[in-house]
Amino acid sequence: MTKWGEKNGIEFWTMPPERAEEATDVLRNGFFEDEAFCNYSGIPEDDEGQRELSNLAVICAEDGICTMAIEKQTGKIVGVSYNKIQVTPSPGQKGFFEEFRDSKCKSKTARVLINEMIWFDHLVDLFEKYKTDSGAEIMFLGTHKDYRKRGIAVGLVEATLAAVRALPPSKRPPIATAIFTSPYSIRVGRSLEFDEVITVAMKDKILNGKPFSEHPKIGQDHPGAIVMVKRLN
């Protein structure tokens, strides 16, 4: 387990697989109930959907590039970045998210959210754009609701980029990708100089006949979702 930094009494570490399930508490108390696409998919009200997405997160920790923020004084996990090394699937094979959705998802809400993730992945071929066959995807970035406004999200993404750069050359993706969906995560991407590849306004995302912008937790002033990429070379 590697420590990547510390600030404001918070330490940033690579998340070992044996702590990945424990760390999903942050998803339940800082991601599922506030993230825009989770809200419009109905995740906060669906325990089964939350369990399935937590299982997805735990699986991703096996890649060794997930990161966690730990309060130094208590040892509590207060922030997480669940990340996944994505590779171009072989012809005729499903991508990672499609395979997980079809083999491990029964809840409607989790399937809706994963479909949105797949939809964004298909908006633009980032592998083609950046001339690569792999990327490190920042999938679920969340801070526990009791520990916000302490720079935790920035620290987690910085730790993620460091963890990817530390991989052996044969396993190291040359880019990190993210779909940042809140004003806060968008600021994180911009502060770390991610490329802004494509923006989708919340009013243009429709579910069950209604735009995402009509959800009370999203609102008309939400800047939308932005696909961002950071070159790691």
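We count residues from 1, following the sequence as given. Note that the structure is predicted; figures quoted are calculated from it, not measured.
- Note: the hydrophobic cluster containing I70 does not contain V58 (ILVMFWY, side chain heavy atoms under 4.5 Å, direct or indirect links).
- The 12-atom threshold is not exceeded at NZ of K104, counting heavy atoms of other residues, nucleotides or ligands nearer than 6.0 Å.
- Checking side-chain atoms of Y82 against main-chain N and O of L56 turns up no donor-acceptor pair under 3.5 Å.
- When all heavy atoms are compared, the tightest approach of A69 to I152 is CB-CG2, 3.7 Å.
- Counting only distance, with no hydrogens or angles, the side chain of E52 and the backbone of K106 share a donor-acceptor pair below 3.5 Å.
- Side-chain atoms of P16 and M68, non-hydrogen and from C-beta on, do get closer than 4.5 Å to each other.
- Checked against F37 for a ring-ring contact (aromatic ring centres under 6.0 Å, His included), the options F120, F32, F31 give a single hit: F120.
- Remark: R101 engages N115 in a side-chain hydrogen bond (donor to acceptor under 3.5 Å, both in side chains) (not counting sequence neighbours).
- Checked by atom type and distance alone, the side chain of K129 never pairs as donor or acceptor with a backbone atom of V124 at under 3.5 Å.
- Transitive grouping of hydrophobic side chains (ILVMFWY, heavy atoms separated by less than 4.5 Å) keeps F96 and L167 in distinct clusters.
- Using a 3.5 Å distance cut-off with no hydrogens or angles, the side chains of T14 and T2 do not pair a donor with an acceptor.
- A distance of 4.5 Å separates CD of E196 from CD1 of I226, quoted to the nearest 0.5 Å.
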W4 vs E158, side-chain contact (heavy atoms from CB on, under 4.5 Å): CA-CA, chis, key distance, verdict: CA-CA 8 Å; W4 299 108; E158 288 175 331; over 6 Å; no

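- Contact check on E128 versus K131 returns a salt bridge, with a Lys/Arg side-chain nitrogen under 4.0 Å from an Asp/Glu carboxylate oxygen.
- For the side-chain hydrogen bond (donor to acceptor under 3.5 Å, both in side chains) test, residues two or more places apart in sequence or in another chain that qualify with S182 are S185.
- To the nearest 0.5 Å, atom CD of residue Q86 and atom OG1 of residue T132 are 12.0 Å apart.
- The minimum heavy-atom distance linking A57 with M139 is given by the pair CA-CE, 4.1 Å.
- Within the model, atoms SG of C60 and CG of N55 stand 11.0 Å from one another, a figure rounded to the nearest 0.5 Å.
- One distance of note links OH of Y40 with CD of E116; it measures 11.0 Å at 0.5 Å rounding.
- In this structure, Y147 and H144 have perpendicular ring planes: the angle between them is above 60°, well past the 30° mark.
- Counting heavy atoms from C-beta on, the side chains of D121 and E137 come closer than 4.5 Å.
- To the nearest 0.5 Å, atom OG1 of residue T177 and atom NZ of residue K84 are 12.5 Å apart.
- Remark: the backbone N or O of A110 is paired with a side-chain donor or acceptor of S107 at under 3.5 angstrom.
- With rounding to the nearest 0.5 angstrom, the CE atom of M228 is 9.5 Å from the CG atom of D195.
- When all heavy atoms of F127 and V87 are compared, the closest pair comes out as CE1-C, 3.7 Å.
- Using a 4.0 Å cut-off between charged nitrogen and carboxylate oxygen, D34 and R148 count as a salt-bridge pair.
- Between I138 and S81, the closest heavy-atom pair is CG2-OG, 3.6 Å.
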C66 and V80: CA distance, side-chain angles, deciding distance, side-chain contact (heavy atoms from CB on, under 4.5 Å) verdict: CA-CA 8 Å; C66 294; V80 294; over 6 Å; no

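- A salt bridge between D102 and K94 is present, with a side-chain N of the basic residue lying under 4.0 Å from a carboxylate O of the acidic one.
- Minimum heavy-atom separation, A36 to T181: CB-O, 3.9 Å.
- Exactly one of T109, T24, L27, I43 qualifies for a side chain to side chain contact (heavy atoms under 4.5 Å, CB included) with L53. That residue is I43.
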Full working for side-chain contact (heavy atoms from CB on, under 4.5 Å) between E35 and F140: CA-CA 9 Å; E35 195 275 330; F140 295 155; over 6 Å; no

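- Residues L156 and V78 share a hydrophobic cluster, clusters being chains of Ile/Leu/Val/Met/Phe/Trp/Tyr side chains in contact below 4.5 Å.
- With N83 contributing its side chain and I65 its backbone, the two residues share a donor-acceptor pair below 3.5 Å.
- For the salt bridge (charged side-chain N to carboxylate O under 4.0 Å, His left out) condition, the pairs that include at least one residue of residues 16-30, sequence neighbours left out, are R19-E22.
- A continuous path of Ile, Leu, Val, Met, Phe, Trp and Tyr side chains, each step under 4.5 Å between heavy atoms, connects V229 with V200, placing both in one hydrophobic cluster.
- Closest of all the heavy-atom pairs between A136 and P173 is N-CB, 3.7 Å.
- In this structure, F12 is a member of the same hydrophobic cluster as L161, with clusters built from ILVMFWY side-chain heavy atoms closer than 4.5 Å.
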